[in-house]
K.L.:
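First the structure, which I've put down as structure tokens, then a few questions once you've had a look.
Just follow the structure's listing: the first ligand is 1, and inside any ligand the first atom is 1. This chain uses plain numbering: 1 for the first residue, then up along the sequence.
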Amino acid sequence: MLADEVSPGLAIVILAVLLAFRYLVYPTLLSPLAQIPNAHWSSPISRLWILGIRYTRRENRTLHALHRRLGPVIRVGPNELSIDGIDSVRTVYQGGFEKPDWYSVFDNYGYLNLVPCMFSTGPAAEHSARKRFISNIYSKSYIQSSQSASAQSREILYGRLLPQLQDSTSEMQAPHDTDMYSVFMATTMDFIAAYIFGLENGTNFLQDKAFSDHFLEHYKARSDFSFFDQELPQLAWFCREIGIPFWTVDAANKELGDWCMRLCDVTKKASTMNSPSAIESCDKPVVWNALVGGLAKEKKTSGSSSVLYPTALTNFDLSVASELFDHVLAGQETAGITLSYISWRLSQSIDLQADLRAELLSLAPNMRLDQDRPASMPDPKQLDALPLLHAVVMETLRLHAPIPGYQPRETPELPCQIGPYVVPGGVRIAASAYSLHRDEKVFPKPEVWDHTRWLTSAGDEEERKKRNRQFWAFSSGGRMCVGSNFAMHEMKLTIAAIYSNYTSHIVDDAGMAEQSDGYTGRPAYERLFLRFERVV
Ligand code: HEM
Ligand SMILES: *[C@@H]1O[C@H](CO)[C@@H](O)[C@H](O)[C@H]1NC(C)=O
Ligand SMILES: *[C@@H]1O[C@H](CO)[C@@H](O)[C@H](O)[C@H]1NC(C)=O
Ligand SMILES: *[C@@H]1O[C@H](CO)[C@@H](O)[C@H](O)[C@H]1NC(C)=O
């Protein structure tokens, strides 16, 4: 027998040689990825370097600087690439490159049995089956003509938000009373929850600050600790198995998940009570209706042959809750961060506020408050077409993208061409809005906030096209943000409502200039104190 002839010493040597070949020689010299510039000398053999960068939250600036030095494709780990040029971005995000397991932290209800949502779904077929139900109600034309959305916005802006700003102008208030970061987080939550569940069964975070703050705290715990689940899932699993608690994440997830489940239950009860509200009132649960209606139809027509059968159709209520929970979370924070940065940038220039107000008052009807007439809602198409408002929002999304971080995908089974390199299947590959939005060839002086770059008068047709192509705040391709039209609409409305009647001034903006590094980028201290003054 072989084992009798080979001495233990020799066996160890052979094993060492094999291991050295597999883990040192092959990845550094022979792997197809060996052609690609390394982010760090150790990148071909170990993930340690990139995990360290990620854990200490230095990824955006580190990789951006490396791309400028080494080119648009770099190797950050043995099996992981970072890309920066818009052409490779198109290749990767236009289709065929699916989301890896990294996104499974966005599966919800882990304590019940992980339930995927559209955002976390990997396989393309399953993803498009889910997307079919809801893409219509999130389309621009649907949102712009929805009377329910309009009625909801009216109540949230005129019934809740503006009265708060009005109170804040009173002499009684201390300058540190109006933290606009938390006000905007509450506003965006109320917007998305109303669209999903209807106004009455949605949230009222604007008028329930205590619960709103409590929610944000839990949400923060959930996202602060996702590193281990995303980057080292085996370790996280092992820790949980042997009883090392991930209690902050797990408890926060449970509380938030239960909360969303209650919203779903209430909506379900109301819908069986009043027969699916076809009436275009503010209480119509637009998203809930579309999703539940779509899933029910799928169950009836395709049943167990549906791609959604094993995940969504067998556990109907849970899968509805998981999907809607994701929209609530994805919709609140991103738009809340952006509104905070827009109002911060506007507060730095009274002149810009005056120009913007002039443009807003040109709307007919406009959002000016008058003692002797009820407040009106503007025509959504007119609002969307205002050039200065659009430029201010776009520039803020460019420089302060709320998701500045890496959006990983996986190369498909057959080798593919990325720039000059041929890359095999199963490699993690990612681009970031942070880097794409700082390409000086497209955005000269990229660190400067300058809304005029987005005015139609800026540059020729070719440059305009280049700018729009490079804009990546909502990602691109089939997995692009499904809520982008909803977000643009609610943000433009909110800014229009505020700046038609108020000017804002900075009281305390500590931390705003430091947007945290990570998948989502929040202002460092998550607060922004502004003072509002009525325009007369
Ligand atoms: C300023 C606001 C927003 C920004 C900047 C933003 C950004 C993004 C980005 C970058 C992605 C792709 C992420 C990735 O692939 O890793 C995404 C996906 C997504 N977003 Fe948004 N988002 C915003 C608002 C919203 C809103 C209001 C909703 C409400 C429904 C929403 C729901 C989603 C969903 C469901 C996906 C997954 C889409 C899919 O996989 O098909 N987002 N968003
Ligand atoms: C949910 O909304 C409906 C109106 O659409 C209302 O009749 C019902 O009382 C609400 N349920 C709760 C618990 O607020
Ligand atoms: C609202 O602002 C307009 C100017 O934009 C001003 O004429 C009007 O008096 C203001 N109304 C209130 C109630 O502050
Ligand atoms: C990128 O990271 C640096 C350093 O951590 C930070 O100052 C900057 O605000 C971050 N920007 C974004 C958009 O994440």
K.L.:
How far is atom 9 (O) of ligand 3 from its nearest protein heavy atom, and which residue and atom is that?
P.N.:
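Looking at atom 9 (O) of ligand 3, the protein heavy atom closest to it is Val535 O, 4.2 Å.
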
K.L.:
List ligand 4 atoms under 4.0 Å from Ser516, heavy atoms only on the residue side.
P.N.:
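Counting from 1, the qualifying ligand atoms are 14 (O).
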
K.L.:
For atom 3 (C) of ligand 4, which candidate among Leu399, Thr62, Asn60, Thr520 provides the closest heavy atom?
P.N.:
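Selected option, by shortest heavy-atom distance: Asn60.
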
K.L.:
Could you check atom 2 (O) of ligand 3 against the protein and tell me its nearest heavy-atom contact, residue, atom and distance included?
P.N.:
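Ranked first by proximity to atom 2 (O) of ligand 3 is Asn501 ND2, 2.4 Å.
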
K.L.:
For Leu369, take its heavy atoms, then give the atoms of ligand 3 lying under 4.0 Å from any of them.
P.N.:
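Those qualifying, in numeric order: 1 (C), 8 (C), 10 (C), 11 (N), 12 (C), 13 (C).
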
K.L.:
Is the centre of the Tyr138 ring less than 6.0 Å from the centre of the His327 ring?
P.N.:
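Yes, close enough.
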
K.L.:
Name the closest protein heavy atom to atom 7 (O) of ligand 3, giving the residue it belongs to and the distance to 0.1 Å.
P.N.:
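That would be Arg368 CZ, 3.8 Å.
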
K.L.:
Is there a polar contact, in the sense of an N or O pair closer than 3.5 Å, between Arg534 and ligand 3?
P.N.:
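For ligand 3, there is an N or O atom that lies under 3.5 Å from one belonging to Arg534.
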
K.L.:
Should you measure from each heavy atom of Ser500, which atoms of ligand 3 turn up under 4.0 Å away?
P.N.:
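Atoms satisfying the 4.0 Å criterion: 2 (O), 4 (C), 5 (O).
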
K.L.:
What part of Arg57, side chain, backbone, both or neither, has a heavy atom within less than 4.0 angstrom of ligand 4?
P.N.:
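Answer for Arg57: backbone.
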
K.L.:
What do you reckon, is CZ of Arg68 surrounded by more than 12 foreign heavy atoms closer than 6.0 Å?
P.N.:
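Check fails, neighbour count at 12 or below.
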
K.L.:
For the residue pair Gln470 / Arg398, report whether a side-chain donor-acceptor contact shorter than 3.5 Å exists.
P.N.:
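Distance-only check fails for Arg398 and Gln470.
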
K.L.:
If you measure from each heavy atom of Ala401 to ligand 4, is any distance below 4.0 Å?
P.N.:
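In this structure, Ala401 fails to qualify as a contact of ligand 4 - no heavy atom is under 4.0 Å.
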
K.L.:
Does any N or O atom in Glu514 lie less than 3.5 angstrom from one in ligand 4, N or O only?
P.N.:
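No, there is no polar N/O contact under 3.5 Å.
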
K.L.:
Could you check, using the six-membered ring where one of them is a Trp, whether Trp472 and Tyr93 have ring centers closer than 6.0 angstrom?
P.N.:
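When the ring centroids of Trp472 and Tyr93 are compared, they turn out to be within the sub-6.0 Å range.
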
K.L.:
Of all the non-hydrogen atoms in the protein, which one sits nearest to atom 6 (C) of ligand 4, and at what distance?
P.N.:
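So the nearest neighbour among protein heavy atoms is Gln515 O, 3.5 Å.
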
K.L.:
Under 6.0 Å between the ring centres of Tyr519 and Trp102?
P.N.:
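That pair passes the under 6.0 Å test.
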
K.L.:
Do Gln332 and Thr188 have a side chain donor and acceptor closer than 3.5 Å?
P.N.:
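Note: Gln332 and Thr188 side chains miss the donor-acceptor criterion.
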
K.L.:
Tell me the nearest of Thr267, Leu263, Val266, Leu199 to atom 13 (C) of ligand 2, using heavy-atom distances.
P.N.:
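Looking at heavy atoms only, the winner is Val266.
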
K.L.:
Quick one: does Gly521 get within less than 4.0 Å of ligand 4, heavy atoms only?
P.N.:
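No, that is not the case, since the closest heavy atom of the residue is not under 4.0 Å from the ligand.
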
K.L.:
Using a 4.0 Å heavy-atom threshold (strictly under), name the region of Asp370 that reaches ligand 3: side chain, backbone, both or neither.
P.N.:
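For Asp370, no heavy atom sits under 4.0 Å from ligand 3.
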
K.L.:
Which atoms of ligand 4 sit under 4.0 Å from any heavy atom of Tyr434?
P.N.:
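Selected atoms, number and element: 1 (C), 11 (N), 12 (C), 13 (C).
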
K.L.:
Give yes if a backbone or side-chain nitrogen or oxygen of Val536 is under 3.5 Å from a nitrogen or oxygen of ligand 3, and no if not.
P.N.:
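In fact, backbone or side chain, Val536 has no N or O that close.
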
K.L.:
Validate the cation-pi geometry between Lys99 and Phe119: distance from NZ or CZ to the six-membered ring centre under 6.0 Å, angle to the ring axis within 45°.
P.N.:
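The answer is yes; both the distance and angle limits are met.
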
K.L.:
For the residue pair Glu280 and Ser146, what are the closest heavy atoms and their distance?
P.N.:
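So the minimum-distance heavy-atom pair works out to OE1-OG, 4.2 Å.
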
K.L.:
To the nearest 0.5 Å, how far apart are CE in Met185 and OG in Ser212?
P.N.:
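Separation between the atoms: 9.5 Å.
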
K.L.:
In terms of residue, atom name and distance, what is the protein heavy atom nearest to atom 4 (C) of ligand 4?
P.N.:
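Here the nearest protein heavy atom works out to Arg61 NE, 3.2 Å.
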
K.L.:
Suppose I only count heavy atoms of Arg357 and a 4.0 Å limit; which atoms of ligand 3 are within that range?
P.N.:
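Per the distance check, 5 (O).
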
K.L.:
Should the pair Phe471 and Phe474 be assigned to parallel (<30°), tilted (30 to 60°) or perpendicular (>60°) ring geometry?
P.N.:
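Ring orientation of Phe471 relative to Phe474: perpendicular.
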
K.L.:
For Phe215 and Trp259, I'd like to know if the aromatic rings sit close, meaning centre-to-centre distance below 6.0 Å.
P.N.:
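Ring centroids of Phe215 and Trp259 are less than 6.0 Å from each other.
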
K.L.:
For Tyr434, enumerate each residue passing the ring-ring contact (aromatic ring centres under 6.0 Å, His included) test, keeping only those at least two apart in sequence or located in another chain.
P.N.:
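By the ring-ring contact (aromatic ring centres under 6.0 Å, His included) rule, Tyr434 matches His64.
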
K.L.:
Is there a polar contact between ligand 2 and Asp283, counting only N or O atoms under 3.5 Å apart?
P.N.:
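Not met; the criterion fails.
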
